[in-house]
Amino acid sequence: MTIRNATLRQLKVFETVARLLSFSRAAEELHLTQPAVSTQVAQLEDHAGLPLFEQLGKKIYLTPAGAEMLQFSRTILQQFQQEDEAMSQLKGISGGTLNVAVISAGDYFFPRLLAEFTRRHAGVTFNLSVHNREELLHQLSTNQTDLAVMVRPPAGMDVVNEPFAPHPYVIVAAPTHPLAGKRFISMDQLTQESFIVRERGSDTWNSMQDGLGGRLDHLKIAMEIKSTETIKQAVIAGMGIAFLSGHTISLELQVGHLVVLDVERFPVMLNWYVVHRKNKRLPPVAEAFKRFLIEEGAAQLEKITRVSALTAKLAPSS
């Protein structure tokens, strides 16, 4: 056998396993079964005539042959990606594919932004992925997405980031909560309540640090959950209160399942950013979508989520 018989699919699967050093995580990222990933790697090892991984305990490591194969695979995959980008340049906007990744809070409105963009540019297709902050930064650093939409652009990465819409964060509770309907709730009062929070390191957690300042260490954290949807359901069930993006709760407010508490110094106002690698050669469809977000993103987001009505409701009366 010879390595010339290796397929692009085998190289892609191998590169993913080598990058993550995990067959199960690679299967999850590639949307394959773990046996399918193992089969692709085994076939590539047959072509190479050498083992590419070795297992010590519960961990896997690259063999010397595997390290060489990884460099070879990345070179080949990069060449194919450059060819795809060149073809996208020739296609222009219509017929192009937009690769965009967004933090989890964005999945409550982002599909409607894409729908509006599609209405104006027929023939565009999308590769949309939703991630927590750590996963989204990984997408950027490994050049797996053209654009990323987030609240806090990375400080230690060579990226271009531009704000396109305001992003309010609020404290929510069940309508039956004792603080519901109260005016001018103090920060000290909040520290007496049980909080259901997003995981540490998430954009929501970091925004909560800004909103609560030094009081964050004094919160009574009842649960730490990775899913905003699960947090909302726990709050509705009366298990505590939560710090959440105003853009994730519009439906629950409309039907009366959640209320926004009137807390001093709230809402915490941040921004949505569109981010891409500084030296990334954006295809025309990505350039057009970035321009759409910067020029119209705020107005479109307000229309979808009614953010102005939300912040006006929270404004203290004179």
So do [Y] and [X] actually touch side chain to side chain, heavy atoms under 4.5 Å?
{"X": "Gln209", "Y": "Arg200", "result": "no"}
{"X": "Trp272", "Y": "Leu301", "result": "yes"}
{"X": "Val170", "Y": "Val263", "result": "no"}
{"X": "Glu162", "Y": "Ile294", "result": "yes"}
{"X": "Ser141", "Y": "His138", "result": "yes"}
{"X": "Leu244", "Y": "Ile231", "result": "yes"}
{"X": "Ser245", "Y": "Thr204", "result": "no"}
{"X": "Leu77", "Y": "Lys12", "result": "yes"}

Using a 3.5 Å distance criterion without hydrogens, assess whether the side chain of [X] forms a donor-acceptor pair with backbone atoms of [Y].
{"X": "Gln10", "Y": "Thr7", "answer": "yes"}
{"X": "Glu264", "Y": "Met187", "answer": "yes"}
{"X": "Lys290", "Y": "Leu282", "answer": "no"}
{"X": "Arg198", "Y": "Glu224", "answer": "no"}
{"X": "Asp146", "Y": "Val100", "answer": "no"}
{"X": "Thr63", "Y": "Gly66", "answer": "yes"}
{"X": "Gln189", "Y": "Ser186", "answer": "yes"}
{"X": "Gln300", "Y": "Glu302", "answer": "no"}
{"X": "Glu135", "Y": "Asn132", "answer": "yes"}
{"X": "Arg133", "Y": "Arg152", "answer": "yes"}

Quick one: closest heavy-atom pair of [X] and [Y], and the distance?
{"X": "Asn206", "Y": "Gly201", "result": "ND2-O, 3.6 Å"}
{"X": "Tyr61", "Y": "Leu21", "result": "CA-CD2, 4.4 Å"}
{"X": "Pro163", "Y": "Asn271", "result": "CB-CB, 4.1 Å"}
{"X": "Ala298", "Y": "Ala165", "result": "CA-CB, 3.7 Å"}
{"X": "Gly106", "Y": "Pro111", "result": "O-CD, 4.3 Å"}
{"X": "Phe195", "Y": "Leu190", "result": "CE1-O, 3.5 Å"}

**Report entry** Residue pair Leu253, Val260: steps toward the side-chain contact (heavy atoms from CB on, under 4.5 Å) verdict
**Finding:** CA-CA 8 Å; Leu253 293 180; Val260 174; 3.8 Å; yes
Requested in this report: List the steps and the verdict of side-chain contact (heavy atoms from CB on, under 4.5 Å) for Val41 and Val13.
Outcome: CA-CA 7 Å; Val41 172; Val13 170; 4.1 Å; yes
Cut-off 3.5 Å, side chains only: do [X] and [Y] have a donor facing an acceptor?
{"X": "Thr97", "Y": "Thr125", "result": "yes"}
{"X": "Ser24", "Y": "Ser22", "result": "yes"}
{"X": "Gln144", "Y": "Thr142", "result": "yes"}
{"X": "Arg281", "Y": "His276", "result": "no"}

Requested in this report: May I ask you to decide if the ring planes of Phe110 and Phe289 are parallel, tilted or perpendicular, using 30° and 60° as cut-offs?
Outcome: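 The arrangement is perpendicular - the two ring planes meet at more than 60°.
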Requested in this report: Could you check whether the rings of His247 and Phe109 sit parallel, tilted or perpendicular, using 30° and 60° as the cut-offs?
Outcome: perpendicular
Requested in this report: Check step by step if ring-ring contact (aromatic ring centres under 6.0 Å, His included) holds for Phe164 and Phe292.
Outcome: CA-CA 9 Å; Phe164 67 87; Phe292 166 74; 9.2 Å; no
Query - Worked check of side-chain contact (heavy atoms from CB on, under 4.5 Å) between Val149 and Val275 - result: CA-CA 6 Å; Val149 173; Val275 183; over 6 Å; no
Please answer: with hydrophobic residues joined when any side-chain heavy atoms are less than 4.5 Å apart, are [X] and [Y] in the same cluster?
{"X": "Met223", "Y": "Val172", "value": "yes"}
{"X": "Met150", "Y": "Phe126", "value": "yes"}
{"X": "Met269", "Y": "Tyr108", "value": "no"}
{"X": "Met157", "Y": "Val274", "value": "yes"}
{"X": "Leu32", "Y": "Phe23", "value": "yes"}

Hey, what do you get for [atom1] ([X]) to [atom2] ([Y]), rounding to the nearest 0.5 Å?
{"X": "Glu29", "Y": "Ser129", "atom1": "CD", "atom2": "OG", "answer": "10.0 Å"}
{"X": "Asn99", "Y": "Gln139", "atom1": "CG", "atom2": "CD", "answer": "9.5 Å"}
{"X": "Tyr169", "Y": "Leu270", "atom1": "OH", "atom2": "CG", "answer": "6.0 Å"}
{"X": "Gln40", "Y": "Leu30", "atom1": "CD", "atom2": "CG", "answer": "10.0 Å"}
{"X": "Asp107", "Y": "Thr228", "atom1": "CG", "atom2": "OG1", "answer": "7.5 Å"}
{"X": "Leu179", "Y": "Ile241", "atom1": "CG", "atom2": "CD1", "answer": "6.5 Å"}

Report task. Mind running side-chain contact (heavy atoms from CB on, under 4.5 Å) on Leu147 and Leu98 for me, showing each step along the way? Result -> CA-CA 8 Å; Leu147 300 173; Leu98 174 62; 4.2 Å; yes
Query raised in the report: Should Lys59 and Glu54 be marked as a salt bridge (charged side-chain N to carboxylate O under 4.0 Å, His left out) after you check the CA-CA gap, both sets of side-chain angles, and the distance that decides it?
Result: CA-CA 9 Å; Lys59 295 184 178 181; Glu54 60 181 349; over 6 Å; no
Between [Y] and [X], is there a salt bridge with N-O shorter than 4.0 Å?
{"X": "Glu116", "Y": "Arg119", "answer": "yes"}
{"X": "Lys220", "Y": "Glu193", "answer": "no"}
{"X": "Glu15", "Y": "Arg74", "answer": "yes"}

Query raised in the report: What's the verdict on salt bridge (charged side-chain N to carboxylate O under 4.0 Å, His left out) for Lys232 and Glu229, showing C-alpha distance, side-chain angles and the deciding distance?
Result: CA-CA 5 Å; Lys232 290 193 295 184; Glu229 192 61 36; 3.4 Å; yes
**Report entry** Glu134, CD: over 12 other non-hydrogen atoms inside 6.0 angstrom
**Finding:** no
